[in-house]
Amino acid sequence: QVQLVESGGGLVQPGESLRLSCAASGIIFSMYAMNWYRQAPGKERELVAAISRFALSRNYADSVKGRFTISRDNTKNTVYLQMNSLKPEDTAVYYCNAQSDVVSEIGRGPYWGQGTQVTVSS
C-alpha cells in the first residue's frame with residue numbers, strides 16, 4: 001500500500017529550527033510532486049511549500065518565504081522541510097502530500113501522510 005510517513009516535529013521556542021521528513025513508499029517517487037501542508041487548530045489546511053519532481057521548481061507560502069526550505073532526495077523517496085526562525089503562528093500539524101501529473105499515474109493520488117505536530121512556544 002501507499003504510505004507517506006512524516007517525522008521530525010516537536011516543541012521548540014520561537015526563533016529555533018526544525019527539519020521535517022516525509023518518507024514515501026508504494027509509489028514511484030520521482031513521478032510525484034511533493035507538497036507540505038499545515039493545519040492549525042480551528043483553521044483550514046493550507047499549502048506551505050511545494051517541490052516539483054526533480055526539484056527544478058520550488059514554491060512557498062508568503063508567510064514562510066525566506067524561512068522554510070523544501071528539498072527532496074529521490075534516491076531515498078524522502079521530502080524534507082527545513083524550518084528556520086520559527087514563530088508561534090507556525091504551530092500546526094504538518095502533512096506531506098504527493099501529487100502527480102504524469103500520464104502513467106492518472107487515477108492515482110493525491111496521497112497524504114498522517115501528520116506531525118509542530119509547536120512553537122516560549
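FYI, the numbering just counts along the sequence from 1.
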Would you mind reporting whether [Y] and [X] have side-chain heavy atoms less than 4.5 Å apart?
| X | Y | result |
| --- | --- | --- |
| Arg108 | Tyr32 | yes |
| Phe68 | Leu18 | no |
| Trp36 | Met83 | no |

Inset, instruction - Only one of Val64, Leu47, Leu20, Thr91 passes side chain to side chain contact (heavy atoms under 4.5 Å, CB included) with Arg38; say which it is. - result: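 Single pass found, and it is Val64.
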Inset, instruction - Kindly indicate, with the supporting measurements, whether the criterion side-chain contact (heavy atoms from CB on, under 4.5 Å) is fulfilled by Gln82 and Tyr80. - result: CA-CA 6 Å; Gln82 178 67 46; Tyr80 306 93; over 6 Å; no
Inset, instruction - Flag yes if more than 12 heavy atoms outside Asp101 fall under 6.0 Å of its CG atom; otherwise flag no. - result: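 No, not enclosed.
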Legend entry - Residues, nucleotides or ligands: over 12 heavy atoms within 6.0 Å of Lys43 NZ: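 Atom NZ in Lys43 is not packed in, count stays at 12 or less.
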Inset, instruction - For Ser63 and Glu89, run side-chain contact (heavy atoms from CB on, under 4.5 Å): C-alpha distance rounded to whole Å, both residues' side-chain angles, the deciding distance at 0.1 Å, then the answer. - result: CA-CA 9 Å; Ser63 59; Glu89 49 263 48; over 6 Å; no
Inset, instruction - Tell me yes or no: between the side chains of Glu6 and Tyr94, is some donor less than 3.5 Å from an acceptor? - result: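 No, Tyr94 and Glu6 have no side-chain donor paired with an acceptor closer than 3.5 Å.
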Inset, instruction - Flag the pair Lys87 and Asp90 as a salt bridge only when some basic side-chain nitrogen lies within less than 4.0 angstrom of an acidic carboxylate oxygen. - result: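 Asp90 and Lys87: not salt-bridged.
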Please answer whether the main-chain N or O of [Y] pairs with a side-chain N or O of [X] as donor and acceptor at a distance below 3.5 Å.
| X | Y | result |
| --- | --- | --- |
| Asn74 | Arg53 | yes |
| Arg58 | Ile70 | yes |
| Ser85 | Arg67 | no |

Legend entry - Minimal non-hydrogen separation, Ser100 against Val102, with atom names: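 Ser100 and Val102 have their closest heavy atoms at OG-N, 3.1 Å.
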